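Given the structure is predicted, the values throughout are model-derived calculations rather than measurements. Proteins come first, then strands; the chains are lettered A, B, ... in the order of their sequence lines, and each starts at number 1.
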There are 2 protein chains.
Amino acid sequence: MASKNGRMSHTEVLPLLEPQAAVPCCPPLNERPMSAGEAEIAAKMFKALGDPVRLRLFSAVASHEGGEACVCDISDVGVSQPTVSHHLKKLKDAGLLSSERRGTWVYYRVEPAVLAAMGALLAGTEKAT
Amino acid sequence: MASKNGRMSHTEVLPLLEPQAAVPCCPPLNERPMSAGEAEIAAKMFKALGDPVRLRLFSAVASHEGGEACVCDISDVGVSQPTVSHHLKKLKDAGLLSSERRGTWVYYRVEPAVLAAMGALLAGTEKAT
DNA sequence: AGGCTGTTTCGACATCTGTCGATGCGTGTG
DNA sequence: CACACGCATCGACAGATGTCGAAACAGCCT
């Protein structure tokens with residue numbers, strides 16, 4: 001392995017280009033090859049959305065009015081209720097959702113910062129055309 | 001399940017809002033709850049990027065000059081060569097990369113359309129704040 | 001208190017996934 | 001032509017993952 005090329009560096013990863021704060025995680029995918037550590041972090045977020053059921057649950061929460069929804073409102077995704085809970089937990093562990101109990105119901109809401117970070121990861125890639 | 005809410009519809013999913021063609025797949029995540037079919041498709045793309053090694057490989061290709069790279073240029077990711085090949089195949093199957101043999105080497109390049117589609121999926125979510 | 005409903009946790013299990021070494025295929029080179 | 005090199009495929013295997021039913025936990029309500 002490793003052969004036939006011989007340049008790199010440039011785009012030194014300036015610490016602050018835009019005012020995008022909040023979970024910066026990593027530079028755009030096409031900025032420079034991702035390090036192992038960065039990839040580990042970013043892959044967690046992508047993996048969380050890499051399941052159809054989780055994606056539907058996430059979309060259901062994100063599209064719900066107020067940006068939040070209780071479990072009872074979004075558990076019509078074709079799997080058992082424990083499975084729904086399991087997936088919500090995964091989304092929460094990945095940092096994509098946060099939960100809060102209010103009386104009988106538990107409400108989930110999207111974590112906007114992480115979403116922005118993922119968007120930024122992909123957004124930069126458009127220049128690579 | 002299913003209780004306690006009672007509205008939906010609005011945002012009828014106009015067939016063409018912006019000139020964004022190419023692999024539209026699905027509306028932004030917060031537009032409306034994703035259907036099972038849409039989720040199936042979109043989850044494939046996210047899952048493809050949901051592995052650290054694949055993410056590094058993808059980033060390596062995306063950041064390489066010319067937007068393409070031969071396998072030999074990007075196979076320093078800490079796994080064996082067959083594993084690299086396996087992951088590249090997965091990225092290709094997911095539609096994120098395309099490959100082309102030129103003489104001895106095989107070159108991979110990013111598929112910009114799909115990238116744009118994923119970006120659009122996440123981009124809309126910013127309004128959900 | 002007792003029961004009811006909403007949600008999470010617990011085991012269990014089949015399947016999928018990432019990884020490797022060995023092997024095969026395609027292409028230049030001696 | 002024989003060999004070396006780049007890359008893909010094959011078979012195997014340990015570990016992760018999605019799913020379920022049963023049970024536990026947490027608030028309401030009568």
Side-chain angles (χ1 to χ4, degrees), chain A residues 1-6 34 36 39-40 42-58 60-61 64 68-94 96-109, chain B residues 1-5 36 39-40 42-58 60-61 64 68-94 96-109:
Chain A
M1 334 160 170
S3 59
K4 175 174 161 301
N5 80 344
M34 233 172 177
E40 203 80 38
K44 272 201 183 75
M45 307 191 297
F46 284 113
K47 180 184 286 187
L49 294 181
D51 178 89
V53 174
R54 277 199 295 273
L55 201 47
R56 290 186 71 189
L57 288 172
F58 184 85
V61 172
H64 207 265
E68 68 176 15
C70 93
V71 180
C72 62
D73 282 329
I74 59 176
S75 37
D76 279 338
V77 285
V79 295
S80 73
Q81 196 277 327
T83 301
V84 168
S85 192
H86 173 239
H87 283 307
L88 286 173
K89 178 176 170 51
K90 283 223 160 183
L91 286 167
K92 192 178 167 185
D93 288 347
L96 295 173
L97 293 180
S98 58
S99 69
E100 177 195 359
R101 173 163 221 126
R102 283 209 289 276
T104 302
W105 297 285
V106 176
Y107 289 82
Y108 282 82
R109 59 167 45 249
Chain B
M1 333 160 174
S3 57
K4 176 171 162 301
N5 78 342
E40 202 81 37
K44 271 201 185 75
M45 307 190 299
F46 283 113
K47 180 185 284 188
L49 294 181
D51 178 271
V53 174
R54 277 199 294 273
L55 201 48
R56 290 186 72 188
L57 288 172
F58 184 85
V61 173
H64 208 263
E68 68 176 16
C70 92
V71 180
C72 62
D73 283 328
I74 59 175
S75 40
D76 279 338
V77 285
V79 294
S80 72
Q81 186 273 322
T83 301
V84 168
S85 194
H86 173 239
H87 282 307
L88 287 173
K89 178 176 172 50
K90 284 224 160 184
L91 286 168
K92 192 177 166 185
D93 288 346
L96 294 173
L97 293 179
S98 59
S99 68
E100 176 195 1
R101 174 165 218 125
R102 284 210 291 274
T104 302
W105 297 285
V106 176
Y107 290 82
Y108 281 82
R109 60 168 45 248

Closest-nucleotide ordering on DNA chain C, the 5'-leading residue of A:Thr104 and A:Pro82: A:Thr104
Of A:Gly78 and A:Gly103, the one whose nearest nucleotide on DNA chain D sits closer to the 5' end is A:Gly78
Look at [X] and [N] and indicate whether a side-chain polar atom (N or O) is within less than 4.0 Å of OP1 or OP2.
X        : N      : answer
B:Lys90  : C:dG18 : yes
B:Thr83  : C:dC20 : yes
B:Ser80  : C:dC20 : yes
A:Tyr107 : C:dT7  : no
A:Tyr108 : C:dT8  : yes

Applying a 4.0 Å non-hydrogen cut-off, can you work out what A:Lys47 is touching in the nucleic acid: base, sugar-phosphate, or nothing? sugar-phosphate
How would you label the contact of A:His86 with the nucleic acid (heavy atoms, under 4.0 Å): base, sugar-phosphate, or nothing? base
Nearest-Å distance, [atom1] ([X]) to [atom2] ([N])?
X        : N      : atom1 : atom2 : result
A:Glu100 : C:dT8  : CD    : P     : 13 Å
A:Asp51  : D:dA16 : CG    : P     : 18 Å
A:Gln81  : C:dC10 : CD    : P     : 15 Å
A:Lys89  : D:dG18 : NZ    : P     : 14 Å
A:Arg102 : D:dA26 : CZ    : C1'   : 16 Å
B:Leu55  : C:dG18 : CG    : C1'   : 15 Å
A:Arg56  : D:dG18 : CZ    : C1'   : 16 Å
B:Leu57  : C:dT19 : CG    : C1'   : 14 Å

For [X] and [Y], work out which heavy atoms get closest and say how close.
X       : Y        : result
B:Phe58 : B:Leu49  : CG-CD2, 4.0 Å
A:Met34 : A:Ala39  : SD-CA, 4.0 Å
B:Val61 : B:Arg109 : CG1-CA, 3.8 Å
A:Ala48 : A:Arg54  : O-NE, 2.7 Å
A:Met45 : A:Ala94  : CG-O, 4.5 Å

Out of [options], whichever nucleotide has its closest atom nearest the side chain of [X]:
X        : options                : answer
B:His87  : C:dT19, C:dT9, D:dC7   : C:dT19
B:Arg54  : C:dG18, D:dG18, D:dT19 : C:dG18
B:Val53  : C:dT19, C:dG6, D:dT19  : C:dT19
B:Arg101 : C:dT8, C:dG26, C:dT9   : C:dG26

One pair to check against side-chain contact (heavy atoms from CB on, under 4.5 Å): A:Val106 and A:Leu88. What are the steps and the verdict? CA-CA 11 Å; A:Val106 176; A:Leu88 286 173; over 6 Å; no
